[in-house]
*Asks:* 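Okay, here's the structure, questions in a sec.
Naming convention: chains lettered A, B, ... in sequence-line order (proteins, then strands); numbering from 1 in each chain. Owing to the predicted nature of the structure, the values given are computational and were not obtained by experimental measurement.
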Number of protein chains: 2
Amino acid sequence: MARLREFEIGDALDGVMSVFWRQGYEGASMQDIEAATGLNKQSLYRIFPDKRAMYLAALERYEANEFAKAEEVLAGAGTARSRFETLFGGVIALAAQGDRRGCFLCNAAADQGQEDDEATAAVSAAMQRLEKIFRKALAASPPYDRDRKAREDRAAALLASYLGLRILTKADAPLRVIKSAASAAIKAI
Amino acid sequence: MARLREFEIGDALDGVMSVFWRQGYEGASMQDIEAATGLNKQSLYRIFPDKRAMYLAALERYEANEFAKAEEVLAGAGTARSRFETLFGGVIALAAQGDRRGCFLCNAAADQGQEDDEATAAVSAAMQRLEKIFRKALAASPPYDRDRKAREDRAAALLASYLGLRILTKADAPLRVIKSAASAAIKAI
DNA sequence: TGAATAGTTGACCATTCGGTCCGCAATTAC
DNA sequence: GTAATTGCGGACCGAATGGTCAACTATTCA
């Protein structure tokens with residue numbers, strides 16, 4: 001009956017995400033998005049009602065990608081400390097490579113000058129999911145904290161440290177500082 | 001010879017800062033800035049060459065204001081732990097009040113989709129100054145770390161935690177998580 | 001064959017943007 | 001008075017914005 005779509009929506013979404021990630025909401029023009037996806041406006045607007053919807057979809061995709069990776073790392077073998085060491089090591093590696101994109105979710109949190117309630121809610125929910133992943137990882141291996149509260153505090157502290165590391169990376173802080181912060185955060189486990 | 005200026009540049013700068021703080025660079029229009037300062041374009045452009053200069057000046061002002069406060073708190077009486085407790089308590093209080101502006105410097109770090117090297121450098125320098133303030137506070141009171149490296153690590157970790165707390169606030173994370181993170185970060189001192 | 005959808009190109013829209021310019025009233029110092 | 005400057009208001013500029021529409025080709029399935 002009708003012609004089939006010739007591209008994968010997921011591929012287009014990857015392009016959309018990378019643009020918003022690097023340039024933020026207002027900083028990304030439709031031209032940029034066309035270039036990054038290899039599609040033109042009409043094809044894009046057939047998938048998404050408007051630019052905001054693209055942004056929200058990009059946020060979702062980032063969360064799905066990034067959290068899957070984090071979950072994989074944190075569910076690996078070894079002690080909780082060694083696994084968080086791997087996770088934080090990844091952040092350091094990005095910083096060392098000069099990857100200054102930072103964490104898209106953090107960027108989004110700071111970006112929402114436009115006071116987009118939907119985006120704020122999405123970021124907030126994502127942060128809580130990440131906290132849950134951290135908590136689960138702490139609960140699954142020694143050293144075990146005595147009570148639930150202590151475990152929750154530790155997970156939250158690791159989350160704050162993780163976000164802080166990514167902000168420091170984005171802010172182009174010296175690698176020395178980033179490494180120091182990661183090292184001390186790990187030691188505290 | 002000539003008429004005198006009727007307003008304080010500092011007052012205007014406060015207005016400029018508050019707009020950029022809340023709305024980011026791209027999100028703040030000249031109209032917004034006119035409204036916030038109570039001045040019109042011509043008066044503003046007589047002080048600043050362009051919008052970017054206003055943004056950079058606002059960053060400087062934020063740093064001067066905020067770091068002065070932080071330095072005051074961290075130079076107070078008591079142990080290092082108690083002083084950082086006060087500092088982090090302030091962040092929690094802002095979150096509890098529903099102040100979601102976050103840290104202007106963090107926002108700026110994430111905001112720079114426009115790849116403004118000057119702004120990046122300013123943020124980076126500010127972060128390093130803050131790290132220095134933290135380090136100084138740790139060096140000035142017990143518990144003393146054995147070596148300089150340990151003290152540096154601790155300062156960097158506290159900085160990451162501090163930034164993470166502010167991001168969590170901006171991201172509208174539950175107050176419970178913010179309090180947990182602060183509490184665990186303090187305990188690690 | 002024919003209806004329906006996908007994709008491309010380019011024109012087009014109103015709006016907003018940062019920034020400039022002009023004119024006018026007020027104020028200051030010589 | 002006169003020159004110089006400040007502040008205000010509004011007109012104005014070119015450029016870029018997000019988004020729409022029309023025209024055309026290609027592809028699919030009934």
*Asks:* For Lys41(A) and dA11(C), what is the distance between atoms NZ and P respectively, to the nearest whole Å?
*Replies:* 12 Å
*Asks:* Given atom NZ of Lys51(A) and atom C1' of dG19(D), what is their separation to the nearest angstrom?
*Replies:* 12 Å
*Asks:* Rounding to a whole Å, what distance do you find between Arg46(A):CZ and dT8(C):C1'?
*Replies:* 10 Å
*Asks:* What is the distance, rounded to the nearest whole Å, between atom CG of Leu39(A) and atom P of dT8(C)?
*Replies:*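 In whole Å, dT8(C) P lies 6 Å from Leu39(A) CG.
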*Asks:* When you match Pro49(A) and Ser29(A) each to their closest nucleotide on DNA chain D, which lands nearer the 5' end?
*Replies:* Ser29(A)
*Asks:* Over all heavy atoms of both residues, which pair between Tyr62(A) and Gly102(A) is shortest? Give the atoms and the distance, please.
*Replies:* OH-O, 4.5 Å
*Asks:* With rounding to the nearest 0.5 angstrom, report the CG to CE distance, Asn40(A) to Met30(A).
*Replies:*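 Here the interatomic distance stands at 9.5 Å.
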*Asks:* Roughly, in whole Å, what's the span from CE in Met30(B) to P in dA15(D)?
*Replies:* 20 Å
*Asks:* Angle class for the Trp21(A)/Phe104(A) ring planes (parallel below 30°, perpendicular above 60°, tilted otherwise)?
*Replies:* parallel
*Asks:* Atom CD of Gln42(A) and atom C1' of dC24(D): how far apart are they, to the nearest Å?
*Replies:* 13 Å
*Asks:* If you only use heavy atoms from C-beta on, which nucleotide in dT9(C), dG19(C), dG7(C) is closest to the side chain of Asn40(A)?
*Replies:* dT9(C)
*Asks:* Side chain of Gln31(B), heavy atoms from C-beta onward: which of dG19(C), dC17(C), dT17(D) has the nearest atom to it?
*Replies:*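 Selected nucleotide: dC17(C).
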*Asks:* Of all the nucleotides listed (dT20(D), dG7(D), dG7(C)), which has the minimum atom distance to the side chain of Tyr45(A)?
*Replies:* dT20(D)
*Asks:* Ile47(B) has an atom CD1; how far is it from atom P of dT6(D), in whole Å?
*Replies:* 10 Å
*Asks:* In terms of relative ring orientation, are Phe20(B) and Tyr25(B) parallel, tilted or perpendicular, with 30° and 60° separating the classes?
*Replies:*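 Answer is parallel, since the angle falls under 30°.
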*Asks:* Between atom CD1 in Ile9(A) and atom P in dA6(C), what is the gap in whole Å?
*Replies:* 10 Å
